[in-house]
Enquirer: 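What follows is a single structure, and I will ask about it in a moment.
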Amino acid sequence: MSDPGEELHAHVRALFPLCRSITGAGLRDTLGYIARHIPLTVTEVPSGTAVLDWVVPPEWTVRGASILAMDGSTIIDFDRHTLHLLNYSAPFEGEVSRLDLEAHLHSLPAQPDLIPYVTSYYRRDWGFCLAHRDRLALGDARYRVRIDTELAPGSLSYGECVLPGEEEGEVLISAHSCHPSLANDNLSSIAVAIDLARILSARRRRFTWRFLFAPGTIGAICWLAANRDAAARIRHGLVLTCLGDPAPPSYKRSRRQDAPIDRYVEHVLRDEGFGERILPFTPTGYDERQFCSPGFDLPMGCLMRSPGGSFPEYHTSADTPDFVRPAALADSLRVLDRIATLIERDGIFASKAPYGEPQLGRRGLYDGAATAASRLALLWSLNLADGRHSLLDVAQRSGLAFAEVADATERLVAAGLVVQGSGTCVPDAGSSLSHPSSSRSAARHHQERTVPCAFS
Amino acid sequence: MSDPGEELHAHVRALFPLCRSITGAGLRDTLGYIARHIPLTVTEVPSGTAVLDWVVPPEWTVRGASILAMDGSTIIDFDRHTLHLLNYSAPFEGEVSRLDLEAHLHSLPAQPDLIPYVTSYYRRDWGFCLAHRDRLALGDARYRVRIDTELAPGSLSYGECVLPGEEEGEVLISAHSCHPSLANDNLSSIAVAIDLARILSARRRRFTWRFLFAPGTIGAICWLAANRDAAARIRHGLVLTCLGDPAPPSYKRSRRQDAPIDRYVEHVLRDEGFGERILPFTPTGYDERQFCSPGFDLPMGCLMRSPGGSFPEYHTSADTPDFVRPAALADSLRVLDRIATLIERDGIFASKAPYGEPQLGRRGLYDGAATAASRLALLWSLNLADGRHSLLDVAQRSGLAFAEVADATERLVAAGLVVQGSGTCVPDAGSSLSHPSSSRSAARHHQERTVPCAFS
Amino acid sequence: MSDPGEELHAHVRALFPLCRSITGAGLRDTLGYIARHIPLTVTEVPSGTAVLDWVVPPEWTVRGASILAMDGSTIIDFDRHTLHLLNYSAPFEGEVSRLDLEAHLHSLPAQPDLIPYVTSYYRRDWGFCLAHRDRLALGDARYRVRIDTELAPGSLSYGECVLPGEEEGEVLISAHSCHPSLANDNLSSIAVAIDLARILSARRRRFTWRFLFAPGTIGAICWLAANRDAAARIRHGLVLTCLGDPAPPSYKRSRRQDAPIDRYVEHVLRDEGFGERILPFTPTGYDERQFCSPGFDLPMGCLMRSPGGSFPEYHTSADTPDFVRPAALADSLRVLDRIATLIERDGIFASKAPYGEPQLGRRGLYDGAATAASRLALLWSLNLADGRHSLLDVAQRSGLAFAEVADATERLVAAGLVVQGSGTCVPDAGSSLSHPSSSRSAARHHQERTVPCAFS
């Protein structure tokens, strides 16, 4: 398939039917599908393992579940929709009064046609989810309930795809993989992560990129408990969720609020015209709750389109592959690729000729610069090559495109005028004073001073 | 009396007739009245005592003062209004020409019916203050003047009410007590301070609260000169003035501009809808001039309703008990109590389970949290329990009410998940990025992810 | 001449005819003219000298240059306008076809009546600049070209006027002096610099003031290469350019963006009503490119009226003495003098009576203060005399005029209440909270509290 949107949507459709949970076959099959597209290492964490403040629960197995009328006719059947069964429901078999049954039913009075997604991982319970309209139609006095599930010692599974880089430091991309038949939340992000990994695997990489596919909360906690060293190497990271709905991209900042990753995503989203869709950090949402807990405080934000909880299809049977648009998936991948490029290209450089301006003409650097912007980028990159300013600082302070600045710096490195510095990005106080317009007029000015005019 | 406004107004009416000054019987009687309502320690500083850059002046005694026509009829009499006599007037007796008398009269041409309040503490002089209309009516060639006052060695008096607390650190509440028959400036604040002391004396207190009733400028200087140790213990403080007029509350920042007290009052006033009534520090006004002198630089701002000098009744015979409203006094006390609660409850905490989220459900903390806001408050309090963020930081960054955050933190302390940290409040850079609305949507989102829906 | 504008304009007219370049007689004669008005030390840097990343080029001598028709009639002649000859043109003599000639002509199709200013300092070439209209009129097949110039070993000249000061630290004022017959760029600034030097030479000076007249880029680089010690002593500096056109003053910040010089010029321009004409630093423009290279990073901005490149006359034969207005030159000198006064008067002071307010009345300081503003200035100057706040901080935080604050501080120094502190200016975080209006109301308030009212 050549259309990236169609290819991403095919992942969503293929994974939709599986009944995922925080453990079990559905999760394992999902990792198996991913492993057929990118190299994946799967880790199994045995039930009962203590992880940080938590304990890995027993593994959940589902063989079937239904509610039958006393005449044997089927009212609710897990085979019709994975959401019908309370996720992590304990097994149960028997005849119950409608009143007793009601205590085990979940529905949405405000959305009477939709089946809700409800879980009970840590409180042993059995139950069904159904459309409120169907619930109200339950008129019999007694029903037969059969929940053929198992909660037994087993393990929790998560998968990692690690693409080694040339420098120290890792980038972590995490997508929770525990939600059953829900397309936007979060098959959309699993799909985007798969194809981003494929794209990056074909590129020369500065950083090591680690893609984590784990069940929400407990899965992230398992990974953190077992990977404190890797966590300490993380330079930038993103939690991916809800990347397939029609809304424009949005971003929730890391706990640090101004980590480099926050500046990268903000730069791209502003450039895309969606600066107003940058949200402050909150300790709610997805696995940023774990990665941004005060002990780890990792520089990780959350990239989304519609934030979880903000769209009516959220956590219901309406979150189908049809709700997820190929074009939206492709756009998410494109935006993510722009962010990845910033992560890979940004850096801090130091001039080897910091006293006065080096003579660029003698080195043919002006001739090599076709446009006024590219000549300006040379001067800006040299002037701020002081071991303190990142290329993003240069771009923001100059009002030039990041790529223009990064290309100019590459030419200056090739000419031996600047060298890659070390250290992490220091936010540039001056950038707030930046003034694209005046920079451009300066560009024109500069051009006129140094370039013979037309006809020459 | 049960109505707090009436009770406060009763203090104002009771104190109004006394002829206060920076020394003398009127001041002493005022402290005596206060001592009948709250425990008060009175200090006498002898005349001639060197205090910082100043010297305590002789004590002023007034027995009477009048201007008589040559036929013996009374024109001006101190017994009619304490403002008629130039405050700190030297004694004088004799017959004077109208021209000589004019040199000793003070009036307000722009407010011809009002008697002005004028003092001459440090320049020996005699004089009268009167309505400009009455002044213009003086038609005789000569008058008899009799000022039966005394300026003799004595002492300056100030009073302190100290309510000990459980922790190190003091809170200083100061109200100048030298103005004669002026109700808003400053009997209103004396009244509010008396009742705040009564309220706090009945509570368990974290900090030691010290209430200072001293004459303006020289009294504050006397206290500072004698209490450098206590001054060094001051963590927060407020100068109280003009708390009885009908205007909404206002606040003048401390010299530091962003001391915790500034953030506390700003938080309360913004919440009350009066954020625009927060004024920058100026080295003018009341005793904040002394407390915020560069050598002491105490974290003390000034709480007011109408700032001194901004209302026409200011420093005139129109500043009567009628100008002061019971409802305004009661509102000032309520606002001050809100500020006191922030001072007492704010703190910095550290999580004992900072790696990943602790499992709240297992500890019954979710069941204990009735509302989405209280659940959110648990997550925010845990996430920012890093020994750097104060509870006010948490409230401002989360957009939650301070009380919600403080209550959640108390529950987390009880559950052994966080402990009170040390250190003072570090302003939270992130707070400027705080975004109540998005926090709330996150709250809804959070609720939907973790709580079984209706009917379950 | 008494009119400063006319005097400045006379400098421009006198210097206009000279054919300046980065070396040679025109530059030397320009320095000779300056030396007849202010003490000037001229330095000659031999051709071939390595300076930073550059090498001093051969010296350029022009005896004449013309394009003749084959019948001997003159088409273009250097004697008619110095701009006709490509600046730094190599010698050439011979008969050329129109096609060959075209390759050596420079004109402005968009401004067909103007002769452009074009240089070729570092690429050996010969050429002429002419009005595009005249260029299009060239109809013959062949022409005679005679360029009687010389590029031979010699030297580059620059001049310095140094006015010693009482304290450590220098102020550098730099005006490029290499442009030929161009009045605004940059004879206007040479003229203003001459007269500022004359004014300052007649004053008692705190800092050493150094005026540098050097060719652009290579001249500044020569000076920097030879004066690293002097460069290290520079506390403040300004590059002057285009100070004669009718536009209001404008300023380009130093690379540091918030150096004291940036705050001084911003303060003056805002006060003049031109705050919007303050531009961010860019590594383009004039010799700020060298002074603000990352290795030197000197606190130097660029003072202008119309920024170079922003007006149609820029770098053309339309930049004549008529384009430069006496009134604009005089206004530039006045604004520069205001900035010089801030530089000379600003400082940091420390109170010798920092605990409480010193008693000003006893010292007659209130009597010495005629206005409410001058009394306020005493209180503000004392309150912020903490060794951290500069007088500019005090002025900005109080909303008072800088002169008011500086005068008050002088009176406090005379009274022995404050002493000049050391250290450089610390930007005052509080100043952003400053609030002139409320300060003024505080002033009124203060006045009412301490001054007996009318008739007294």
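No hydrogens, no waters, no symmetry mates; every other heavy atom, side chains included, goes into these values. Lettering of chains follows the sequences in order, A, B, ..., and the numbering in each one begins at 1.
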Enquirer: Would you name the heavy atoms of A:S293 and B:G356 that are closest together and state the gap between them?
Expert: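 For A:S293 and B:G356, the tightest heavy-atom pair comes out as OG-N, 2.7 Å.
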Enquirer: Between B:N383 and A:P294, is any pair of side-chain heavy atoms under 4.5 Å apart?
Expert: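 With C-beta onward as the side chain, the pair touches.
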Enquirer: Evaluate side chain to side chain contact (heavy atoms under 4.5 Å, CB included) for B:W380 paired with A:T284, printing each intermediate quantity in order.
Expert: CA-CA 9 Å; B:W380 272 109; A:T284 58; 5.7 Å; no
Enquirer: Taking the cut-offs as 6.0 angstrom to the six-membered ring centre and 45 degrees off its axis, would you call B:R397 and A:F281 a cation-pi pair?
Expert: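 No, cation not above the ring by the 6.0 Å, 45° rule.
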Enquirer: Looking only at heavy atoms, what is the nearest atom pair of A:I221 and B:E357, with distance?
Expert: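 Closest pair (atom of A:I221, atom of B:E357, distance): CD1-O, 4.3 Å.
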Enquirer: Drop me the distance from A:Q290's CD to B:Y355's OH, to the nearest 0.5 angstrom.
Expert: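 Answer for the CD-OH pair, A:Q290 versus B:Y355, is 14.5 Å.
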Enquirer: Give the intermediate values and the outcome of side chain to side chain contact (heavy atoms under 4.5 Å, CB included) for residues A:R289 and B:L379.
Expert: CA-CA 9 Å; A:R289 295 166 63 157; B:L379 296 176; 3.9 Å; yes
Enquirer: Near B:E168 CD, under 6.0 Å, is it more than 12 heavy atoms from other residues, nucleotides or ligands?
Expert: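 Atom CD in B:E168 is not crowded, with 12 or fewer foreign heavy atoms closer than 6.0 Å.
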Enquirer: So, are A:R255 and B:D386 salt-bridged, with charged N and O less than 4.0 Å apart?
Expert: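 Counted as a salt bridge, because a side-chain N and a carboxylate O are separated by less than 4.0 Å.
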Enquirer: May I ask you to name which of A:W54, A:F291, A:F296 has the most heavy-atom pairs under 4.5 Å with chain B?
Expert: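 Winner by heavy-atom pair count: A:W54.
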Enquirer: Between the side chains of B:K352 and A:D53, is the shortest nitrogen-to-carboxylate-oxygen separation below 4.0 Å, so that they form an ion pair?
Expert: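 Here A:D53 does not pair with B:K352 in a salt bridge, since their nearest N and O are not under 4.0 Å apart.
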Enquirer: Could you walk me through whether A:Y122 and B:Q359 pass the side chain to side chain contact (heavy atoms under 4.5 Å, CB included) check?
Expert: CA-CA 10 Å; A:Y122 302 101; B:Q359 197 174 7; 3.5 Å; yes
